[in-house]
Amino acid sequence: MEKKVRVRFAPSPTGGLHLGGVRTVLYNYLFAKQLGGEFILRIEDTDQTRFVPGAEEYIQECLAWCGLTPDESPLHGGPYAPYRQSERKEMYRQYAEQLVAQGNAYYAFDTPEELDEMRVKFKTEENTSPQYNLQVRNKMRNSLTLSQGEVKQLLAEGVPYVVRIKMPENETISFTDMIRGDVEFNSSLVDDKVLLKGDGMPTYHLAVVVDDYSMKITHAFRGEEWLPSAPVHILLWKYLGWYKEMPQWAHLPLIMKPDGHGKLSKRDGDRLGFPVFAMNWTDPKTNELTTGFRELGFLPEAFINMLAVLGWNDGTEQELFTIDELIERFSMEKVHKGGAKFDFEKAKWFNHEWIKRTPATAFKPQVKKLFEENNIQVEDEAKFEQVLETVKERCTLLPDFVQQASFFFKAPQTLDVASVKPKWNEDKARFFDIVCEKFTVLEDWTASGIETLFKETATEKAIKVGELQLPFRIMLVGGKFGPTVFDIAALIGKVETIDRIKYALTQF
RNA sequence: GGAGCGUUGGUCAAGGGGUUAAGACACCUCCCUUUCACGGAGGAAUCACGGGUUCGAUUCCCGUACGCUCUACCA
């Protein structure tokens, strides 16, 4: 019987959740759900110096907004709790000691100053950043160079130390990446990474394998930036005796900045004017607020859809996918190998498409809140919904609704008189007087009824309908925007329509 | 410097030994519409470069260039 699929997303709670992070969550989630597996959220908070209060709750909220709820997490709990590495501290030390006992790792007593010294001492033209590896470890203070007695003594004295992995000489370490195929490394070229830090906390390298093992993770997906340290992880799985349980790896391509080169960062968003975080994030230290996709007015469906196809494509022409379709079609093998530059215009296009295809009831609450913030009162819920339906095809972001729809509930404060004035004349003013009179007695107050009457009257007065539509629009909405004028008139009602015309006539 | 990974129009990308090399976003032109949007028609690539292999390579192999990631007691 096949093992039950279990995947995990393991962020550090250090700040806002980045686009790339959400995409990693998404691919994990899609993969798990497709195979009837479980998706776990694990918090990697082993670096106490980088801990940011609120970041963990923020991540949970982002996942909830995206609809990518984990099956197990610090919040939900689960059979492999705890899901916070800081709460699993003791279990890592045991394995670090095991590795030392087996001769696969060693104690290193070098101080940070000594390490800095080493880095300048061994720096050469050919080796600009010397590493703590099989050559230099013989020249440092560790349990490989010190006598047993000295080591014991140091340990007894409580001198701080770290545990480093002892990389073997000239071995080929290889594995099959689900996206990249076979990848090979020569062990001599990999450094002796720290496994257990001076404060007793594990580094990522130790923690990720211990936790993936103990949580029975079957597939491990992470960003491409982890590829160079993969050999360390592979070796750890071997040394700990768990190699047959090792998850299948996939290293996801990076999301790059739109201009120039490099990984997309929060600063690029600030600089180029688009969000990088899923939701608003306020740095608790500086109080600096970074706008997120949610608050900018993205629908979670659109956000997810956009991210899914940034680096993945099912081979057909389809671009718009529901989450269920994504679950059905997703395949790790079809994920692109190269990084993708983020295109905010395309992201907005996805949102526009999703607003068009989503029933207004779904985003009505958010839009209503936006209206309230702009002092526009909505009493008639049914009308509100109808209005949203009729204007949604011209809204890209949720806040666009306030410009596109507020005039349905509130007469325009200012009229774009300048757009009417040049072609305005007495005949046209007369036309609107007459139209008002006819409106008063019009029984069929529907868009088509109004349109018919309006056009008939125009014909009678021998004025081109086209020349009257723009003034009519300005009268009703105040500017050159909004849906078809007759639809607007029908929705705001007879009395309001006539009022607005009468008022506008005093302004033209 | 080293290691690893990557490279199809401006961007996201399909495809894959023989094709007119899909599609989408953006951009430009036009149509529709005297608002905006939608919708419709049209416009751009000798598939990084150089060698092979082959009857034939954008597709396979090898180099080169370029880019990215890593090179912390951060993840």
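If you're wondering where the values come from, they're calculated on a predicted model, not measured in any experiment. Just so it is clear: chains get the letters A, B, ... in the order the sequence lines come, proteins before strands, and each one is counted from 1.
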Original post:
Looking for any heavy atom pair under 4.0 Å, which part of the strands does A:V194 touch: base, sugar-phosphate only, or nothing?
Top reply: sugar-phosphate

**OP:** Measure the distance from CZ on A:F344 to P on B:rC27 and round it to the nearest whole Å.
**Re:** 14 Å

Original post:
If you pin A:F109 and A:Q404 to their nearest nucleotides in RNA chain B, which one's is more 5'?
Top reply: A:Q404

**OP:** Select base, sugar-phosphate, or nothing to describe what A:L254 touches, counting heavy atoms under 4.0 Å on all strands.
**Re:** sugar-phosphate

**OP:** Determine: side-chain N/O of A:R50 to OP1/OP2 of B:rA75, distance under 4.0 Å, yes or no.
**Re:** no

Original post:
Does a nitrogen or oxygen in the side chain of A:H352 sit under 4.0 Å from OP1 or OP2 of B:rC25?
Top reply: no

Original post:
When rounded to the nearest Å, what value does the distance between P atoms of B:rC31 and B:rC36 take?
Top reply: 14 Å

Restricting both atoms to N or O, compile the protein contacts to nucleotides 18-23 of chain B shorter than 3.5 Å, with distance only.
| unit_1 | atom_1 | unit_2 | atom_2 | d |
| --- | --- | --- | --- | --- |
| B:rA22 | O2' | A:E317 | OE2 | 3.4 |

Subject >> Parallel, tilted or perpendicular: ring planes of A:F401 versus A:F363, cut at 30 and 60 degrees >> reply: tilted

Original post:
What nucleotide, of B:rU34, B:rC25, B:rC70, holds the atom closest to the side chain of A:W349?
Top reply: B:rC25

Subject >> 5' priority, RNA chain B, between A:A340 and A:L189 [closest heavy atom] >> reply: A:L189

Original post:
Ignoring hydrogens and geometry, is there a side-chain-to-backbone donor-acceptor pair from A:R500 to A:L476 under 3.5 Å?
Top reply: yes

Original post:
So does A:E157 have more than 12 non-hydrogen atoms from other groups sitting under 6.0 Å from CD?
Top reply: yes

Subject >> Closest approach of A:Y27 to A:A308 (non-hydrogen atoms, all atoms of both residues) >> reply: OH-O, 2.9 Å

**OP:** Rounded to whole angstrom, note down the P distance from B:rC30 over to B:rG10.
**Re:** 24 Å

Original post:
Separation of A:K193 atom NZ from B:rC74 atom C1', in whole Å?
Top reply: 11 Å

Original post:
Choosing from B:rG6, B:rU71, B:rU35, which nucleotide comes nearest the side chain of A:K337?
Top reply: B:rG6

**OP:** Runs of at least three consecutive Watson-Crick or G-U pairs, both distances under 3.5 Å, are what I'm after; which ones involve RNA chain B?
**Re:** B:1-7 with B:65-71, B:10-12 with B:23-25, B:27-31 with B:39-43, B:48-52 with B:60-64

Subject >> P-based separation of B:rA65 from B:rG51 [nearest Å] >> reply: 16 Å

Original post:
What interatomic distance, in whole Å, is found between C1' of B:rG15 and the corresponding atom of B:rA57?
Top reply: 14 Å

Original post:
Out of B:rU8, B:rG6, B:rC12, which has the shortest distance to the side chain of A:R180?
Top reply: B:rG6

Original post:
Would you say B:rU34 has OP1 or OP2 under 4.0 Å from some side-chain N or O of A:K423?
Top reply: no

**OP:** Respond yes when some side-chain nitrogen or oxygen of A:K480 is under 4.0 Å from OP1 or OP2 of B:rU34, and no when none is.
**Re:** no

**OP:** Using whole Å, report how far CG of A:L196 lies from C1' of B:rA72.
**Re:** 16 Å

Original post:
Over how many whole Å does the gap from A:H233 atom NE2 to B:rC70 atom C1' extend?
Top reply: 11 Å

Original post:
Using the ring of each side chain (for Trp, its six-membered ring), is A:H251 parallel, tilted or perpendicular to A:W249, with breaks at 30° and 60°?
Top reply: parallel

Subject >> C1' atoms of B:rC32 and B:rA41, separation to the nearest Å >> reply: 11 Å

**OP:** Could you point out which residue of A:Y107, A:Y106, A:Y132, A:Y161 forms a side-chain hydrogen bond (donor to acceptor under 3.5 Å, both in side chains) with A:N142?
**Re:** A:Y132

Original post:
According to a strict under-4.0 Å criterion, is A:T46 in side-chain N/O contact with OP1 or OP2 of B:rA75?
Top reply: yes

**OP:** Tell me what A:G311 touches on the nucleic acid: a base, only sugar-phosphate, or nothing, going by heavy atoms under 4.0 Å.
**Re:** sugar-phosphate

**OP:** Could you give the distance separating B:rU8 and B:rA13 at their C1' atoms, to the nearest angstrom?
**Re:** 9 Å

Original post:
Given A:F321, which of A:W312, A:F330, A:W354 fulfils the ring pair (Phe, Tyr, Trp, His ring centres under 6.0 Å) condition?
Top reply: A:W312

Original post:
Would you call A:D343-A:K346 a salt bridge at under 4.0 Å N-O?
Top reply: no

**OP:** Give the ring-plane orientation class for A:F298 versus A:F303, where under 30° counts as parallel, over 60° as perpendicular and anything between as tilted.
**Re:** perpendicular

**OP:** Check the pair A:E114, A:R119 against salt bridge (Lys or Arg N to Asp or Glu O under 4.0 Å), reporting the backbone distance first and the verdict last.
**Re:** CA-CA 9 Å; A:E114 288 171 325; A:R119 287 186 189 108; over 6 Å; no

**OP:** Report the nucleotide, chosen from B:rU69, B:rA75, B:rC5, that has the shortest atom-to-atom distance to any side-chain atom of A:V183.
**Re:** B:rC5

**OP:** May I ask you to decide if the ring planes of A:F486 and A:F472 are parallel, tilted or perpendicular, using 30° and 60° as cut-offs?
**Re:** tilted

Subject >> Salt-bridge contact A:D211-A:R42 (side-chain N to carboxylate O under 4.0 Å) >> reply: yes

Original post:
What distance, rounded to whole Å, do you find between the two P atoms, one in B:rG39 and one in B:rG17?
Top reply: 36 Å

Subject >> Out of B:rU69, B:rC5, B:rC73, whichever nucleotide has its closest atom nearest the side chain of A:R164 >> reply: B:rC73

**OP:** Using a 4.0 Å heavy-atom cut-off across all strands, classify A:G198 as base, sugar-phosphate, or nothing.
**Re:** base

Original post:
Would you say a side-chain N or O of A:K341 is under 4.0 Å from OP1 or OP2 of B:rG6?
Top reply: no

Original post:
Within the structure, does a side-chain N or O atom of A:Q131 lie under 4.0 Å from either OP1 or OP2 of B:rU71?
Top reply: no

**OP:** For RNA chain B, determine which residues of residues 111-119 of chain A have any heavy atom closer than 4.0 angstrom to one of its atoms, and list them numerically.
**Re:** A:P112, A:L115, A:R119

**OP:** Just compare B:rC36, B:rA3, B:rC25 and give me whichever is closest to any side-chain atom of A:E345.
**Re:** B:rC25

**OP:** Take the protein atom CG of A:L470 and the nucleotide atom P of B:rU33, then report the distance between them rounded to whole Å.
**Re:** 16 Å

Original post:
Say you pick atom P in B:rU7 and the same atom in B:rC60; how far apart are they, in whole Å?
Top reply: 11 Å

Original post:
Rounded to whole angstroms, how far apart are CZ on A:F408 and C1' on B:rC36?
Top reply: 13 Å

Subject >> Presence of salt bridge, A:D191 and A:K193, under 4.0 angstrom >> reply: yes

